[in-house]
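Throughout, numbering of the chain's residues begins at 1 and tracks the sequence.
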Amino acid sequence: MLKLQNIRKHFDGKVVLENIDLVINTGEIVSLLGPSGSGKTTLLNVILGLTKTDHGSLIFNDTDLSRVRMKDRGFNIVFQDYALFPNLNAYENIVYALKNKKGLITEKEVQEYIEFLELTPHLNKKIGELSGGQKQRVALARTLVTKPNILLLDEPLSALDGVIKESIKQRIQSIAREFKLTTIIVTHDPEEALTLSDKILIINQGHIAQYGTPEEIMHQPSNDFVKEFIIGQLQIKRRNIYHLFGEQYA
Ligand SMILES: Nc1ncnc2c1ncn2[C@@H]1O[C@H](COP(=O)(O)OP(=O)(O)O)[C@@H](O)[C@H]1O
Ligand SMILES: [Mg+2]
């Protein structure tokens, strides 16, 4: 279980996160959802240990990690731009972080992740030769082979579209289920959050607007911001289609 208590963070005199309380159970998929600039990436980096908080605590399985450095927390992240090394091939990228970590994972387990993500045919390709979805899968594999206790993903789907997006979404879900891996995903898209997660944390200007299951958020939005942001956006999509093609497509 991951527990955040009263997290606050400011940058240059501007408060970016305040009063963040959050409990995430082991194996849950949780989305951090909010508009651009609401503090989602900052919160993800706070959990990772990359960003220091002003105050507040972060407890993982009864251990206080608030003052524990990033590399000792045992979490890992897929950054929004993937941050892959262009001069290395896919396989070299995947195993890069294992250089100084002998014994963390066997070659057989590495191969299992590679097969799970269907990357075997692409291992010798340079990053520039891969499609968006393939890059995303390499980035996922590279993070998973470090066997993180929590998987953090910053906007993993926003650079993808259509069928590829749907397939990466399903893969993220099956990874979380198969490995009982707590997974925290940043997104600005209500539809993504609603279809992907067990729970959604809605952030508005650094404050929690609501934390609940997709059902709770849809049926019992706790305030106008949630109503506008979630239901408003979905209705706009629906209305646009309706106006163009008629009621049967709405
Ligand atoms: N390193 C930083 N230094 C100064 N301001 C920052 C830094 N990182 C983020 N911010 C500011 O904090 C706010 C929240 O940013 P961010 O967490 O990236 O939002 P989101 O991921 O929801 O779009 C923004 O106003 C952003 O400009
Ligand atoms: Mg962000």
Side-chain angles (χ1 to χ4, degrees), residues 1-5 7 9 16-17 20-34 36 38-53 56-61 63 65-66 68-84 93-94 96-98 101 104-105 113 116-117 135-160 165 168-189 192-193 196-203 206 208 211:
M1 187 171 77
L2 177 72
K3 204 191 243 179
L4 303 189
Q5 287 171 324
I7 298 284
K9 175 67 189 174
V16 173
L17 292 172
I20 303 292
D21 290 308
L22 178 63
V23 173
I24 299 178
N25 296 310
T26 302
E28 273 182 337
I29 303 177
V30 172
S31 287
L32 310 181
L33 172 68
S36 178
S38 55
K40 306 180 296 294
T41 296
T42 305
L43 182 54
L44 205 68
N45 289 338
V46 161
I47 296 170
L48 178 67
L50 186 66
T51 297
K52 281 204 181 101
T53 56
S57 57
L58 184 148
I59 293 151
F60 179 65
N61 293 346
T63 307
L65 296 184
S66 315
V68 173
R69 285 181 305 176
M70 173 167 68
K71 71 176 187 54
D72 299 321
R73 286 192 184 186
F75 307 158
N76 206 346
I77 191 165
V78 177
F79 288 106
Q80 187 165 7
D81 60 1
Y82 313 143
L84 296 167
N93 266 279
I94 292 168
Y96 186 83
L98 301 175
K101 291 183 180 157
L104 176 73
I105 184 167
Y113 283 116
F116 186 83
L117 290 162
K135 280 184 204 157
Q136 180 59 278
R137 273 146 53 203
V138 171
L140 258 173
R142 186 180 62 169
T143 300
L144 287 171
V145 297
T146 67
K147 290 194 168 172
N149 294 319
I150 297 184
L151 174 64
L152 305 165
L153 302 158
D154 197 350
E155 306 260 8
L157 304 170
S158 38
L160 310 172
K165 185 179 198 155
I168 296 281
K169 202 160 91 176
Q170 278 164 20
R171 252 174 247 267
I172 291 169
Q173 271 175 329
S174 33
I175 288 163
R177 302 291 178 241
E178 170 132 352
F179 303 106
K180 290 198 171 49
L181 181 58
T182 307
T183 302
I184 307 176
I185 304 168
V186 163
T187 175
H188 62 269
D189 181 346
E192 256 173 52
L196 181 58
S197 13
D198 299 310
K199 292 206 185 115
I200 303 174
L201 181 85
I202 302 179
I203 311 181
I208 296 179
Y211 183 44

Please check this pair: side chain of [X] against backbone of [Y], looking for a donor-acceptor N/O pair closer than 3.5 Å.
| X | Y | answer |
| --- | --- | --- |
| Lys147 | Ile105 | no |
| Arg73 | Ile47 | yes |
| Lys40 | Gly34 | yes |
| Asn61 | Met1 | yes |
| Ser31 | Leu33 | no |

Would you mind reporting whether [Y] and [X] have side-chain heavy atoms less than 4.5 Å apart?
| X | Y | answer |
| --- | --- | --- |
| Leu181 | Leu144 | yes |
| Ile172 | Ile185 | yes |
| Thr63 | Val68 | no |
| Thr183 | Ile150 | no |
| Gln136 | Pro156 | yes |
| Leu43 | Leu201 | yes |
| Ile7 | Asp21 | no |
| Ser197 | Glu28 | no |

Determine the minimum heavy-atom distance between [X] and [Y], stating which atoms define it.
| X | Y | value |
| --- | --- | --- |
| Arg137 | Leu117 | NE-O, 2.9 Å |
| Ile20 | Gly206 | CD1-O, 3.6 Å |
| Thr187 | Ala193 | CG2-CB, 4.0 Å |
| Phe116 | Arg171 | O-NH1, 3.4 Å |
| Val23 | Lys3 | CG2-CG, 3.7 Å |

- Item | Whether Phe179 and Tyr113 hold their rings parallel, tilted or perpendicular, with breakpoints at 30° and 60° | tilted
- Leu4 and side chain to side chain contact (heavy atoms under 4.5 Å, CB included): which partner among Val46, Leu22, Leu17?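 Per the side chain to side chain contact (heavy atoms under 4.5 Å, CB included) rule, the option paired with Leu4 is Leu22, out of Val46, Leu22, Leu17.
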- Given Leu48, Leu2, Ile29, Leu151, the one that forms side chain to side chain contact (heavy atoms under 4.5 Å, CB included) with Ile184: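 For Ile184, the side chain to side chain contact (heavy atoms under 4.5 Å, CB included) check succeeds only for Leu2.
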- Would you call Asp198 and Arg177 a salt bridge, using N to O less than 4.0 angstrom? yes
- Item | Salt bridge Lys169-Glu192, side-chain N to carboxylate O under 4.0 Å | no
- Query: Is it true that the side chains of Ser57 and Gln5 contain a donor and an acceptor less than 3.5 Å apart?
  - Reply: yes
- Assess the side chains of Asn76 and Thr143: does a donor N or O sit below 3.5 Å from an acceptor N or O? no
- Item | Distance in Å, Thr51 OG1 paired with Leu44 CG, rounded so as to fall on 0.5 Å steps | 9.5 Å
- Derivation of the side chain to side chain contact (heavy atoms under 4.5 Å, CB included) call for Asn149 and Thr26: CA-CA 9 Å; Asn149 294 319; Thr26 302; over 6 Å; no
